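Below is one structure, written out as structure tokens, with a few remarks after it.
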Amino acid sequence: MEIHELTLTEVQDLLDRGELSGTDLVEGLYTRIDAVEDKVQAFLELDRERALAEAKEAGKAQIAREADPGPRAGVPVAVKDNVCTMGWKTTCASRILFNFRPPYDATVVARLRQQGHTVLGKTNMDEFAMGSSTEHSAFHPTRNPWDLTRVPGGSSGGSAAAVAAGEALFALGSDTGGSIRLPAAFCGVVGLKPTYGRVSRYGLVAYASSLDQIGPITRTVADCALALGWIAGHDPLDSTSLAAEVPDYRTFLRPEVRGLRIGLPKEYFGEGLDPEVRGAVEKAVQQLEEGGAAVLEVSLPHTEYALAAYYLIAPAEASSNLARYDGVRYGFRGEGSDIVELYSDTRRRGFGDEVKRRIMLGTYALSAGYYDAYYLNALRVRTLIRRDFEAAFQKVDVLACPTSPTVAFRLGERTDDPMQMYLSDIYTVPVNLAGLPALSVPCGLNHEGLPIGLQLIGPPLSEGRLLQVGYAYEERRGPFPRPQL
Amino acid sequence: MEVENGPGWEIVIGLEIHVELLTRSKVFCSCATGFGGEPNTRVCPVCLGLPGSLPVLNAKALEYAVKTGLALNCEIASFSKFDRKNYFYPDLPKAYQISQYDLPLCRHGYLEIEAGGVRRRIGITRVHLEEETGKSLHAGTSIVDSPFTLLDYNRAGIPLVEIVTEPDIRSPEEARVFLEELKRVVEFAGVSDVKMEEGSLRCDANISVRPRGASRLGTKTEVKNMNSFRAVQRALEYEAARQIATLRAGGRVVQETRHWDDAAGVTRGMRSKEQAQDYRYFPEPDLVPIVLSPEQIEQWRRELPELPAARRERLAREYGLPAYDAAILTASKKLADFFEEAARAFPDPKMVSNWVMGELLRLLKAENKELDQVPLQPSDLVGLLSLVRDGVISGATAKEVFEEMFHTGDPAASIVDRRGLRQISDEGALREIVRRAMAANPDAVQSYRQGKEKALGALVGAVMKETRGKANPQLVNRLLLEALREAKP
Amino acid sequence: MQKLSSEQVAHVARLARLALNETEQERFAVQLGQILAYAEKIRELDLEGVEPTAHVLGLTNVTRRDEVRASLDRDEVLRNGPEVENGYFRVPRVVEEA
């Protein structure tokens with residue numbers, strides 16, 4: 001069997017048995033990358049020699065620790081290009097950071113390295129994670145491996161496409177308003193957005209700090225459990241990091257849902273939902289019901305205001321987070337005879353349209369005279385949305401709904417209409433506003449053979465429960481097909 | 001410009017003071033604080049504002065900021081948070097400063113000062129914690145004609161408190177006195193070493209004038225770039241006079257920021273088109289709120305050392321010193337500590353006070369040094385004063401010895417011995433010298449006996465000459481008087 | 001609100017230090033107007049007395065000890081700098097602008 005056909009869990013077994021090494025994995029994955037990357041274009045930086053050198057180095061360190069009988073590591077991980085990696089550029093798919101080489105590793109990357117894992121390459125994304133299609137990359141769009149004329153979703157489109165195409169076993173994504181779950185749904189892979197604070201944000205280039213969260217994208221729920229365990233945990237370098245202990249998420253992988261209460265939020269099944277998507281999600285819920293879960297309808301009454309609140313809060317934070325790209329200390333520098341000209345030229349030429357749009361929007365929302373009406377009220381709406389979820393979780397253990405109202409759309413279809421693009425995130429954004437964990441699991445293909453995602457949402461720190469339900473569903477669903485490339 | 005305030009005008013001043021806190025590491029990262037050094041060597045991803053980095057609050061900086069507020073009699077907020085102040089400037093690495101906007105740590109305090117014999121209470125509006133910016137070096141002669149600017153971020157991220165006063169200050173002199181007292185307070189509280197020349201205390205001022213008795217405030221200007229307490233007073237004197245002259249001439253004061261030019265002795269309006277800044281403050285999402293319990297606040301209050309006002313009062317009471325002495329001795333914590341350590345080990349505190357205020361301050365001033373830059377210790381002074389009290393050396397000799405101790409830190413006794421300065425206090429030996437001096441100066445003896453008491457001086461001089469100044473003067477006096485009485489014909 | 005005025009767009013662009021040409025200004029005026037019109041939706045809600053969420057999971061008092069750790073090597077600091085001189089970052093002349 002080819003390495004790219006294995007799951008992360010299978011690879012872990014082979015590593016543990018000493019039948020496979022980190023360098024074998026790098027070679028195997030790069031062979032696959034050589035074969036399909038031209039079509040998919042999931043990566044921004046690939047460097048076989050560097051990846052091999054890292055794997056070799058990690059292997060040596062592992063041999064030195066041989067006395068320690070713990071599980072063997074050595075998985076090369078595809079890392080979204082907004083996560084800082086020493087030795088690899090970190091561009092956020094933006095011209096303004098086209099040459100930026102961070103002098104430090106993000107905490108997640110440092111953690112992976114400590115456990116013997118390495119970097120495979122850096123994946124494409126919407127510039128600064130602003131977008132839902134990966135078309136807003138300053139360098140090139142990524143294509144959906146299921147249909148190369150369609151988008152992979154975004155903003156972690158490169159990570160999701162790489163895993164779907166077999167170019168990676170595990171990729172890191174980041175999710176501010178759906179940026180892990182949406183591409184996972186569009187590409188037929190598993191994506192988890194952890195509880196806010198469960199995974200360190202240190203080294204994740206900020207888009208909207210109060211919403212951003214790093215999470216894993218893998219082929220199966222079991223792989224997701226394994227990968228989450230590698231990256232989760234408290235980090236003293238991130239003030240918003242949670243101190244709660246990290247359980248062994250693999251212990252939740254039981255195909256058991258008897259007695260579980262599943263809520264269907266009625267607002268997520270209304271107007272604008274593609275009937276085929278609705279059908280697939282309802283069928284998935286029915287399979288869980290057959291397994292003994294109780295299904296009931298619940299209401300999250302403020303859902304319709306979530307996207308509006310999101311498009312005030314996220315751009316406001318972004319306008320401040322992205323102010324540091326001024327051409328003084330790193331990155332692209334424009335021209336100018338004085339500092340104000342230099343700033344304006346650097347930022348005009350360094351940022352793409354979508355980024356400028358959100359910076360403008362956020363600057364406006366924070367500016368004198370508008371702050372209360374826009375930003376502060378959006379934070380109040382956030383409170384209402386959080387309370388909606390709290391009330392729902394009094395009645396049910398998890399919520400089940402579509403990840404996206406549609407399947408993957410065509411490249412170019414929504415680029416001219418920002419509002420239309422934003423509506424792709426309508427089912428994912430509320431989760432970020434409430435800081436909750438949510439998992440997207442593939443739940444079928446539409447008549448064109450495009451994947452559909454089932455979204456499972458839980459209360460804070462219920463990642464284990466989500467993985468359990470996702471795993472139980474996956475067991476009932478059976479193996480998911482792979483795209484033909 | 002002629003500086004003339006005129007009795008018909010009232011000056012209204014409010015100050016905004018920034019003080020660097022004396023923590024070991026920066027406020028949101030673990031880089032060392034400190035002054036000077038090679039550029040860009042005390043920086044990390046956080047204080048450089050590199051993409052992906054995040055701040056974590058230094059617990060000591062929080063404690064010091066609250067202690068500053070406590071020392072200024074403020075109420076401490078039970079709930080406080082940080083906000084981002086957004087503006088572009090090359091010395092601000094993130095293009096926002098982490099500061100505090102609507103929920104500062106401390107509010108509603110005051111500081112009592114005494115200026116021109118009048119005691120006044122100046123209100124403190126707020127004290128909040130924020131981060132220091134980096135440093136710009138402008139090439140050329142001034143910021144205006146400089147072709148380029150160099151940036152050093154070593155200073156970026158040093159913890160700062162911003163202290164804002166109410167517009168309670170009524171004269172430029174009062175502003176200076178307030179700053180001097182504030183400097184003492186933060187220094188005594190142990191939260192800063194307040195070195196204005198290193199920029200660890202900076203002050204901007206808002207100033208307006210109005211006809212005496214008017215209830216409405218005049219239009220204010222903001223004066224910046226004042227680099228010493230004296231500069232603050234001079235700049236405000238100039239600015240008050242300028243505003244009064246403007247109004248008297250029928251003009252009107254323009255609300256603007258003005259830079260103090262210390263060399264020229266004038267304030268100048270900034271030439272740029274003045275526009276209201278829009279800092280777009282919003283809550284810093286990378287930090288979490290601060291919730292302080294009453295117990296925590298009380299503990300910090302208890303830990304606060306004695307502050308200058310209390311210490312002045314105690315020094316006067318405990319050591320029986322005049323108020324004047326107590327005020328001078330508490331000019332700095334170091335000086336007050338020095339005095340007290342010496343005074344506790346010597347039975348005559350006033351004598352200690354005289355030496356500290358006299359010789360010690362004279363030499364420090366002459367050499368432009370701080371007390372901690374000289375080797376002299378309180379025990380050295382005690383040793384010296386004991387020699388004077390025991391008659392081992394004279395007061396005049398002691399001054400010489402003190403100067404050497406000041407420079408070398410050697411004990412007084414060993415200096416006295418090495419230089420052979422010990423007084424002759426042996427009665428027998430001196431009696432013999434006195435007898436010889438009287439025999440050699442019969443005229444002087446004669447004059448004294450005829451009632452010319454001044455003639456005693458000549459006899460003392462003769463004894464001193466023979467002993468090369470080492471005779472104990474009190475003893476010489478006594479022995480001479482005894483001998484003159486005994487030998488009365 | 002359907003469209004922002006060109007003065008508003010210019011003001012915001014200046015605050016954000018973004019140089020926009022006329023076409024961009026016009027396009028942003030329309031697009032921002034549309035997005036803001038959508039965001040206006042939250043005005044339908046009665047938000048009186050609702051506490052704003054600043055921190056979603058209610059953490060407080062996260063601090064670190066006042067300990068010094070190694071700073072970055074200066075070569076690392078300056079390596080990404082577009083223009084450096086004698087250990088400093090260099091920029092063209094600084095003009096004051098509000």
Side-chain angles (χ1 to χ4, degrees), chain A residues 99-101 103 195-197 210 236 239-240 242 302 304-305 307-309 311-312 319 323 326-333 336-345 347-348 351 356-357 359-361 363-364 367 373-374 376-384 386 418-419 422 433-435 460, chain C residues 4 8-9 11-21 24 27-28 31-32 34-45 47-59 61-65 72-73 75-84 89-97:
Chain A
N99 60 353
F100 179 61
R101 289 186 183 276
T195 308
Y196 185 75
S210 74
S239 307
T240 62
L242 296 173
H302 296 95
E304 61 172 314
Y305 303 101
L307 202 62
Y311 275 99
L312 293 170
S319 72
D326 57 9
V328 174
R329 291 158 302 278
Y330 45 80
F332 172 76
R333 168 182 278 201
S337 60
D338 66 46
I339 192 75
V340 176
E341 278 177 32
L342 179 85
Y343 283 158
S344 298
D345 191 59
R347 293 163 65 77
R348 180 178 72 80
F351 290 135
K356 286 183 196 166
R357 196 150 39 232
I359 289 175
M360 294 281 291
L361 186 59
T363 304
Y364 184 75
S367 65
Y374 287 133
L376 199 64
N377 277 339
L379 293 185
R380 293 197 170 100
V381 174
R382 196 171 176 179
T383 304
L384 297 178
R386 221 182 57 208
M419 218 37 249
Y422 297 171
L433 291 173
Chain C
L4 262 62
Q8 280 174 311
V9 173
H11 173 67
V12 173
R14 195 170 56 243
L15 277 178
R17 296 290 186 273
L18 285 171
L20 300 182
N21 61 34
E24 288 170 321
R27 195 172 68 238
F28 279 135
Q31 290 175 341
L32 295 183
Q34 282 168 357
I35 301 165
L36 288 166
Y38 179 80
E40 295 276 313
K41 204 175 167 54
I42 64 172
R43 287 186 189 237
E44 296 167 9
L45 290 166
L47 297 170
E48 191 69 31
V50 180
E51 212 29 54
T53 293
H55 282 274
V56 79
L57 295 173
L59 290 178
N61 296 357
V62 176
T63 58
R64 61 174 185 83
R65 299 236 306 240
L72 284 172
D73 187 64
D75 293 342
E76 284 283 292
V77 171
L78 300 176
R79 195 173 40 117
N80 279 301
E83 196 183 356
V84 297
F89 294 96
R90 184 177 148 147
V91 293
R93 84 198 169 90
V94 173
V95 288
E96 301 280 337
E97 198 212 57

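Letters go in sequence order (proteins before strands), and every chain restarts at 1. Everything numeric in this text was worked out from a predicted model, so none of it was measured.
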Taking C-beta and beyond as the side chain, do A/Asp326 and C/Arg17 meet within less than 4.5 Å on heavy atoms? no

Note, A/Arg380 side chain near C/Leu45 side chain (heavy atom, < 4.5 Å): no

Of the listed C/Val77, C/Ile42, C/Val91, the one with the largest count of heavy-atom pairs under 4.5 Å with chain A is C/Ile42

Under a 4.5 Å heavy-atom cutoff, which of C/Leu15, C/Leu57, C/Leu20 has the most pairs with chain A? C/Leu57

Atom [atom1] of [X] and atom [atom2] of [Y]: how far apart are they, to the nearest 0.5 Å?
X: C/Leu47; Y: A/Leu384; atom1: CG; atom2: CG; result: 6.0 Å
X: C/Leu36; Y: A/Tyr364; atom1: CG; atom2: OH; result: 6.0 Å
X: C/Arg93; Y: A/Glu341; atom1: CZ; atom2: CD; result: 8.5 Å
X: C/Arg79; Y: A/Phe100; atom1: CZ; atom2: CZ; result: 8.5 Å

Where does [X] contact chain C at under 4.5 Å (heavy atoms): side chain, backbone, both or neither?
X: A/Pro236; value: neither
X: A/Phe332; value: neither
X: A/Thr240; value: both
X: A/Leu361; value: both
X: A/Asn99; value: backbone
X: A/Leu307; value: both
X: A/Ala434; value: backbone
X: A/Arg386; value: side chain

Side chain, backbone, both or neither: which part of C/Leu59 has a non-hydrogen atom closer than 4.5 Å to chain A? side chain

Under 4.5 Å to a heavy atom of chain A? For C/Val84 that would be neither

Taking every non-hydrogen pair under 4.5 Å, which of A/Ala373, A/Ser337, A/Gly336 racks up the most with chain C? A/Ser337

For chain C, find which of A/Asp345, A/Thr195, A/Leu242 contributes the most heavy-atom pairs closer than 4.5 angstrom. A/Leu242

Determine yes or no for a side-chain-to-main-chain donor-acceptor pair under 3.5 angstrom, with [X] supplying the side chain and [Y] the backbone.
X: A/Arg348; Y: C/Asn21; value: no
X: C/Asn80; Y: A/Arg101; value: yes
X: A/Ser239; Y: C/Val62; value: no

For [X] against [Y], the heavy-atom pair lying closest together:
X: C/Tyr38; Y: A/Glu304; result: OH-O, 4.2 Å
X: A/Leu342; Y: C/Pro92; result: CD2-CD, 4.0 Å
X: C/Val12; Y: A/Met360; result: CG1-O, 3.3 Å
X: A/Arg329; Y: C/Phe89; result: O-CE2, 3.5 Å
X: C/Pro82; Y: A/Arg333; result: CB-NE, 3.7 Å
X: A/Thr383; Y: C/Pro52; result: OG1-C, 3.6 Å

Is the shortest distance from a Lys or Arg side-chain nitrogen in C/Glu24 or A/Lys356 to a carboxylate oxygen in the other one below 4.0 Å? yes

From the list C/Lys41, C/Arg43, C/Glu44, side chain to side chain donor-acceptor pair (under 3.5 Å) with A/Tyr305 holds only for C/Glu44

Report the residues that fulfil side chain to side chain contact (heavy atoms under 4.5 Å, CB included) with C/Gln31, sequence neighbours left out, ordered by chain and then residue number. A/Arg357, A/Pro418, C/Arg27, C/Phe28

